[in-house]
Amino acid sequence: MILIQQIKTQVILGKSDSKETLKNKAAKLLGISLSEISDIQILKHSIDARKKPQLFHVYSLGVVLKNNTQEQKAVHQCKNKTAVIYAQKPYQFPAPGTELLKEAPVIIGMGPAGLFCGYMLAIHGYKPILLERGQDVDTRTQDVEKFWNNGILNPESNVQFGEGGAGTFSDGKLNTLVKDKEGRNKEVLRIFSQYGAPASILYESKPHIGTDILKKVVTNMRNAILEAGGEVRFGAKVTGFQIADQTLKAVIINNHEMLPATQVVLAIGHSARDTFAYLNEISISMEAKAFAVGMRVEHPQKLINECMYGKEHGTALPAAPYKLTAQTSVGRGVYSFCMCPGGYVVNASSEEGQIAVNGMSYSDRSGPNANSAIIVQVTPNDYANNSPLAGVEFQRQLEKKAYAIGKGKIPVQYFGDFVKNCSSAQNPDTKNFNSPCIKGDYTLTNLRGLLPAECEKAFLEGMEQFDKTIPGFGAYDAILSGMESRTSSPLRIHRTASLQSPSVKGLYPCGEGAGYAGGITSAAMDGILIAEKIAQRFRPF
């Protein structure tokens, strides 16, 4: 196969590039006839909007010749000097080890890390048992919508807990910055596509599937695990471990059931605070780590589109994303996170008396507002003590404060009122402002003082800088919602070169909750990595 990068075609409204168009383009660049090409594959696609109002599709194409002995000649004469001979290296799961696995491997949690770990072990004959404290994705969706509609929180089945993990109620972004020498990233995307995601995720530069499609994929993967001999149990909260001689012997489910297990994957997610507390009690090695806190910020999607694409294209192309970073006078970085084009702010709380928000989009990203977390870096130096759980407590205090400010509802304020330090509830002009797109009850109030003082200053400076990049970003009617506090795990559970806990043999900290991932794809990749480690040591029982 020949790889040709940086192939550009002009964006024409109402039209898309057909495979035949791209095939013709490749033939001209290679100086060969169309008949010499057997097939082409789109390996990557993005939109280049740097020369507005002219926009360009940018492709990386894989070109297969009918006579592959002519590849080197075609590369040599290619007008595009990026052309190279390219061999796609498929992902390879390792051959099984020699030790006999006496009990089924147990996976705690069915977010992306646990789900992909369980899937890989299942299809290779290891018959894993997946334990999820929350409910299946359909029941969970009903619980979440009940919470959004009437405020009744189910602490075990909500935006954070349940089949699919926290990412199920998100934008479903599948891009990652994690290096992928072994092909795990591509394998994650291939599996997503196999179980219901659109094929475009395999080549789009910023792939996403939305919460609606993600739910279908999660269900299909669960069924594949069951068909391969695995077991899935919902409402199965792991409340303890049986340990002897620093070796795992069993897990305790719902305080009473003992399940023998010597190989356990701890994929509990970043919000399993009660489990974190238990792990600390039994002296599992871990430490508090840095993360980030801030607000969800909403703008009209039309504003973002016109800034990213230009007014000529602002309503005709897919809802545009953005990525923003700033450095501030107080030495704290400020950046956008989990940007949701055409999305919704959602009440993502998992504990009574606390408010946490997140962003969510459906696959069509058709909502009128864009939203993103605008967050400020915090480190263990900001925490009250040196406990591994100090970051968790830092989160909790902020979420309790948000609950108090909003009197149990999501506290919301227009940015201009935030700057002036006055409640939006007393601003008569808000009836003419852009309305929030929020899942769950909210109330207009004053958010000043919610963030620590230095973080608040950094947030204001960041918004001011972002307004220079996207004019209108710091407009009076930009909408703030608090508290964005679950950006990543507030701690890291240590693991050795074998990916096991140094405290307990057979316990594998995994994914975002353990501090080794930062999103759906990287968590899924870490789950695959853990599955590989188990398989390299053991043969299926």
Side-chain angles (χ1 to χ4, degrees), residues 147-151 293-304 322 324 326 334 336-340 342-349 353-360 367-376 397-467 470-486:
F147 173 52
W148 288 341
N149 291 332
N150 60 27
V293 297
M295 313 279 191
R296 275 279 148 184
V297 181
E298 293 182 74
H299 301 90
Q301 184 63 50
K302 183 174 182 290
L303 171 75
I304 305 302
Y322 59 76
L324 299 167
V334 180
S336 61
F337 171 80
C338 188
M339 193 269 157
C340 298
Y344 299 83
V345 175
V346 303
N347 191 333
S349 305
Q354 299 170 42
I355 291 285
V357 295
N358 193 18
M360 182 188 86
N369 284 0
N371 76 75
S372 177
I374 301 300
I375 50 178
V376 183
Q397 293 306 314
L398 291 173
E399 292 173 16
K400 288 176 181 178
K401 191 183 292 187
Y403 187 92
I405 290 172
K407 297 180 180 179
K409 301 178 181 180
I410 297 172
V412 172
Q413 187 176 22
Y414 287 96
F415 182 61
D417 293 331
F418 185 81
V419 172
K420 292 164 62 177
N421 194 12
C422 61
S423 173
S424 291
Q426 274 74 55
N427 186 342
D429 296 327
T430 58
K431 62 180 180 296
N432 301 316
F433 290 171
N434 185 38
S435 297
C437 289
I438 292 180
K439 299 283 189 178
D441 284 343
Y442 67 90
T443 184
L444 295 179
T445 184
N446 188 351
L447 289 167
R448 288 297 286 266
L450 175 55
L451 289 170
E454 196 171 272
C455 293
E456 185 173 271
K457 183 176 181 180
F459 177 84
L460 282 163
E461 289 185 18
M463 289 291 291
E464 182 180 342
Q465 292 183 45
F466 298 156
D467 189 64
I470 301 178
F473 200 89
Y476 201 113
D477 64 348
I479 304 163
L480 312 183
S481 302
M483 177 78 222
E484 178 78 36
S485 52
R486 311 285 182 95

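Any value given below was found using the heavy atoms of this structure, including those in side chains, with hydrogens, waters and symmetry copies removed.
Note on ring orientation: taking the six-membered ring where Trp is involved, the planes of F415 and F459 are perpendicular (angle over 60°, cut-offs 30° and 60°). Taking the six-membered ring where the residue is Trp, F433 and Y414 present perpendicular rings, their angle passing 60° and hence far from 30°.
Geometric assessment of K409 against the ring of Y442 yields a negative cation-pi assignment under the 6.0 Å and 45° thresholds.
At a cut-off of 3.5 Å, with distance as the only test, a side-chain donor of S485 or E399 sits close to an acceptor on the other residue. Side-chain N/O atoms of R448 and N421 include no donor and acceptor closer than 3.5 Å. For the residue pair D429 / Y476, no side-chain donor-acceptor distance below 3.5 Å is found, with atom types taken as modelled. Using modelled atom types and a 3.5 Å distance limit, the side chains of N434 and E298 yield no donor-acceptor pair.
Counting only distance, with no hydrogens or angles, the side chain of W148 and the backbone of N347 share a donor-acceptor pair below 3.5 Å.
The distance between the ring centers of F466 and Y322 does not fall below 6.0 angstrom.
To the nearest 0.5 angstrom, M295 atom CE is 10.0 Å from M463 atom CE.
Around the NZ atom of K400, the shell of radius 6.0 Å holds more than 12 heavy atoms that belong to other residues, nucleotides or ligands.
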Check against side-chain contact (heavy atoms from CB on, under 4.5 Å), D417 and N446: CA-CA 8 Å; D417 293 331; N446 188 351; over 6 Å; no
